[in-house]
Amino acid sequence: FPVTIRYLDKATLYLQDGTLYNYPEAGNYVWGAAMARLGYSDFFQYLGAQAYSAIANGHPDEPWEVDAFRKGSRYMQENRNQYQLNGRRK
């Protein structure tokens, strides 16, 4: 089956629920939403995000980046029934 990969533009700000997110924050928001949709706990999401950031960036996520994936997770938990596992709205 074909897989479409979409990249976030590093020079774009993303507006979600009244909050503007830069590139790393938007990526964390999507991470949190995707992990929540797959059923992973907030703690597991936090560990995964921190491990990735430590490897990729040499440091853990900043507090506002952690806040972004928690908001993404919360959004998906509240709207879970509107999305299929492929991320499309039902």
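A quick note: this is a predicted structure, and the numbers were derived from the prediction, not measured.
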**Complete:** What one should report as the nearest heavy-atom pair of Ala68 and Tyr21 is CB-CE2, 3.8 Å
**Complete:** The reported gap from CD in Glu25 to NZ in Lys71 (rounded to nearest 0.5 angstrom) is 9.0 Å
**Message:** Looking at Asn22 and Leu13, would you say the former's side chain and the latter's main chain have a donor-acceptor pair under 3.5 Å?
**Reply:** no
**Request:** Sequence neighbours left out, what passes side-chain contact (heavy atoms from CB on, under 4.5 Å) with Phe44? Give chain and number order.
**Result:** Met35, Tyr40, Ser41
**Prompt:** So which heavy atom on Asn28 is nearest to which on Val66, and how close?
**Reply:** ND2-N, 4.4 Å
**Contact check, side chains of Phe69 and Tyr46, non-hydrogen atoms, under 4.5 Å** = yes
**Prompt:** Has the side chain of Asn79 got a donor or acceptor atom that lies under 3.5 Å from a matching backbone atom of Tyr75?
**Reply:** yes
**Message:** Working to the nearest 0.5 angstrom, can you tell me the gap between Tyr29 OH and Arg70 CZ?
**Reply:** 15.0 Å
**Asked** For His59, does its backbone N or O pair with a side-chain atom of Asn57 as donor and acceptor, under 3.5 Å?
**Response** no
**Message:** Could you check whether any side-chain N or O of Tyr14 sits under 3.5 Å from a backbone N or O of Asp9, counting only pairs where one atom can act as donor and the other as acceptor?
**Reply:** yes
**Asked** Under the 4.5 Å side-chain heavy-atom rule for ILVMFWY, direct or indirect, which residues accompany Val30?
**Response** none
**Request:** Measure from the side-chain N and O atoms of Gln50 to the backbone N and O of Asp61, and report whether any donor-acceptor pair falls under 3.5 Å.
**Result:** yes
**Item:** Point-to-point distance, once rounded to the nearest 0.5 Å, from OG1 of Thr12 to CG of Leu20
**Value:** 11.5 Å
**Complete:** The side chain to side chain donor-acceptor pair (under 3.5 Å) partner of Ser73 among Glu78, Gln45, Arg37 is Gln45
